[in-house]
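Values in this document were obtained by computation on a predicted structure and should not be read as measured data. So that the names make sense, note that chain A is the first sequence line, chain B the second, and so on, each numbered from 1.
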Amino acid sequence: MNSAAENLCLSLLSNCRTLRNLKQIHAFVYKSGLETDPLISAKILLISAVQISDAIDYARRLFIHNPNPDVFMYNTLIRGESESDSPNNSVSSFARMLRESYSPPDSFSFAFALKAAANLRCLKTGFQLHCQAMVRGLDTHLFVGTTLVSMYGECGFVVFARKVFDEMNEPNVVAWNAIITAYFRGNDLSGADRLFGLIPCRDLTTWNVMLAGHTKAGDLERAKGLFLRMPSRDDVSWSTMIVGFARNGYFDEALRVFRELVGSGNRSNEVSLTGVLSACAQAGAFEFGKILHAFIEKMGFAWISSVNNALLDTYSKCGNVLMARLVFERMPGKKSIVSWTSMIAGLAMQGYGEEAIKLFHKMEESGTRPDEITFISILYACSHAGLLERGHEIFSKMTGIYNIEPTIEHYGCMVDLYGRAGQLHKAYNFVVQMPVPPNAIIWRTLLGACSFFGDIELAEQVKKRLSELDPDNSGDHVLLSNIYAVAGKWKDVDTVRRLMAEKNMKKTPGWSMIEVDKVMYSFVAGDKLNDITEEAYNKLSEITLKLKVEGGYVPEVGSVLHDIEEEEKEDTLSKHSEKLAVAFGMARLCKGRTIRIVKNLRVCKDCHSFMKSISKVYELDIVVRDRSRFHSFKEGSCSCRDYW
DNA sequence: GTAGGGTTAG
């Protein structure tokens, strides 16, 4: 018979969602003398290990204090750890079960431990578990077999996955789904399609498997076809499409599908939200992002950490670091490493180096261990704020205290740090002494710094290295020719230009995007004429004239010498995509509204001074997110202090 | 009293 207190505890536990709440209930359990009640302690373990994302440490402590855990409790811990940040703990718990438990692992134990091996992509662990399962006669168990298929698939061994699948007695639809997923994992799209044709019965999930496989392979057309053809769709089908579009750069499509999802009355979930938010973040769709924020609050998604992280990233990538900070501060529960790192990166992109470092220290104090991505963000913050010394300290801390092996990206940050500070020869010496061979990106970073500080001699040396590693990169040639042009070395400019023409090198087309009335418009340099571009071109000529007369704006033709004839210089400059986007925004948006642009390349010197000029003459704020950082133009100057 | 396949942010 359950007592009244026991029933009360069980009912409290069934509504428990946060660690804080769980601790309160746990205290009440002690007070009521129910701490040894098997049903209640099992339930508390289940909630902390599985149902609350940041409570696995609590679960582990509970488990340790239990003198003789039963199979159920072992399985719960193995399951929770397999889904945690350190799935290797799950494997350890399984091993401990073999050594210490009175009862042997059952099919549940194997399914959970195999999931850990899959998450670790550790074939060796998976193989050992497979052997153990064979010894116990559990390898042909339907559930264990299916998990084996997906484990081998995750580890990239499709042949093993297929072997297990072929040996299964009567594979059901779930097993079929697992083997199809394994084929997609191994990039065997036609194999996956073939199996899809052979499958005896398909449910909704099979169609979702096909959607996921094709979107991950980047074939959105195929996925779209399947999406329209499938007999019914659920929230996972919709989320898969939205995430797929967002991942592959089809931001407007992601926004459109999300709108359609909400309009159709189907259920949106946290995954479709993170997907559409990611599209907004990449495209800089600030207005749409704000609407999503309201939607999140209204629909009760605000307690989910993945949604909050995506929202904070959206605000910071749209240039609104204050709103990003607000979301960050108000997030419920423990802040994850993703939250901390996103916030640090957000501050870094705006050039708030000191604030980023402060937050980094707060993160350390909170007990969250920074990882390699955190260090990339914080080093980036230092280089973009000119904090040479601090960057140096942090780099030594990473290797010395946190024992994190620097990757080529970390070295790249250091080169950037020296380069931006004008210490070109220090940067060069750093590159040649690096323990890993420098790649083209490293040399390109240095070339950029040489260009900024006009060091022709070093630039030529660096360009030589680049020619060995990546000889046909047009950007490198453009940089070099710009360096010559600024120094007035026309003959050298000509040589580089001729080389580019001979090799038929094409410049990466620059594009810029702007959001007007929650719709994204994109512009490409030298765009063909249509209604939208015509409107932009007309407004642009009007603006340029006014700036020349009232703002003293003089086009800086140095940036275009590489690819066109002299008389066209100014004409081509005026067609840069960011100028078109700004002009379009000024034509369409209400007066006084901040203009927000996202650009795929770095903004050129001419466009930079053009924006400064607009911000003064028109008394208008402009925010440009380029490939490397944010530029906030206000009253004739830029937040980057002409340093980018 | 726990399962297996499909969607999740830096």
Is the distance from OP1 or OP2 of B:dA9 to the nearest side-chain N or O of A:Lys317 less than 4.0 Å? no
Distance-only donor-acceptor test (3.5 Å): side chain A:Ser278, base B:dA9: no
Starting from C1' on B:dA9, measure out to OH on A:Tyr315 and report it in whole angstrom. 16 Å
Scan for side-chain hydrogen bond (donor to acceptor under 3.5 Å, both in side chains) pairs involving residues 313-329 of chain A, sequence neighbours excluded, and state none if there are none. A:His293-A:Tyr315, A:Asp313-A:Lys317, A:Arg325-A:Glu329
What nucleotide among B:dG10, B:dG5, B:dA9 has an atom nearest to a side-chain atom of A:Val173? B:dG5
What's A:Ala42 touching, base or sugar-phosphate or nothing? Going by heavy atoms closer than 4.0 Å. base
Can you say whether a donor on the side chain of A:Asn75 sits under 3.5 Å from an acceptor on the base of B:dG1, or the other way round? no
Give one of base, sugar-phosphate or nothing for A:Ser377, where a contact means two heavy atoms less than 4.0 Å apart. nothing
Using only heavy-atom distances, decide whether a donor-acceptor pair under 3.5 angstrom links the side-chain of A:Asn172 to the base of B:dG4. yes
Sequence-distant partners of A:Arg185, side chain to side chain contact (heavy atoms under 4.5 Å, CB included), two or more places apart: A:Arg121, A:Glu154
So for A:Ser239 and B:dT7, does any side-chain atom that can act as donor or acceptor lie under 3.5 Å from a complementary atom in the base? yes
Return yes if the base of B:dT8 and the side-chain atoms of A:Ser306 contain a donor-acceptor N/O pair under 3.5 Å, otherwise no. yes
Please state how far atom CH2 in A:Trp303 lies from atom P in B:dA9, giving the value in whole angstrom units. 17 Å
From CD1 of A:Ile180 over to P of B:dG5, roughly how many Å is that when rounded to an integer? 14 Å
With heavy atoms under 4.0 Å as the rule, sort A:His141 into base, sugar-phosphate or nothing. base
Which part of the nucleic acid does A:Leu142 contact within heavy-atom distance under 4.0 Å: base, sugar-phosphate only, or nothing? base
What contact category does A:Val243 fall into here, base, sugar-phosphate, or nothing, at under 4.0 angstrom with non-hydrogen atoms? sugar-phosphate
CZ of A:Phe108 versus C1' of B:dG1: gap in Å, rounded? 10 Å
Looking across every strand, which nucleic acid part, if any, lies under 4.0 Å from A:Lys115 by heavy atom: base, sugar-phosphate, or nothing? sugar-phosphate
Students often get this wrong, so: under 4.0 angstrom with heavy atoms, is A:Arg233 touching a base, only sugar-phosphate, or nothing? nothing
Please classify the nucleic acid contact of A:Asp234 as base, sugar-phosphate, or nothing, using heavy-atom distances under 4.0 Å. base
Length of the CZ-P vector between A:Arg79 and B:dA3, whole Å: 4 Å
Sequence-distant partners of A:Arg162, side chain to side chain contact (heavy atoms under 4.5 Å, CB included), two or more places apart: A:Phe165, A:Asp166, A:Ile179, A:Tyr183, A:Leu195
To the nearest angstrom, the CD1-P distance between A:Ile47 and B:dT2 comes to 14 Å
Modelled atom types, side-chain donor and acceptor of A:Ser306 and A:Asn309, under 3.5 Å: no
Categorize A:Thr314 for me: base, sugar-phosphate, or nothing, with a 4.0 angstrom heavy-atom threshold over every strand shown. nothing
Mind calculating the distance between CZ (A:Phe245) and P (B:dT7) to the nearest angstrom? 17 Å
Close residues, residues 330-345 of chain A, relative to DNA chain B [heavy-atom separation under 4.0 Å]: A:Ile337, A:Val338, A:Thr341, A:Ser342
By side chain to side chain contact (heavy atoms under 4.5 Å, CB included) - contacts of A:Thr140 (at least two apart): none
Polar contact flag, side-chain donor to acceptor under 3.5 angstrom, A:Tyr402-A:Glu364: yes
Distance in angstrom units between A:Phe165 CZ and B:dG5 P, rounded: 15 Å
Applying side chain to side chain contact (heavy atoms under 4.5 Å, CB included), can you list everything that pairs with A:Pro332, at least two apart in sequence or on another chain? A:Trp303, A:Asn308
If we count only N and O atoms by modelled type, under 3.5 Å, do the side chains of A:Asp106 and A:Asn75 hold a donor and an acceptor together? yes
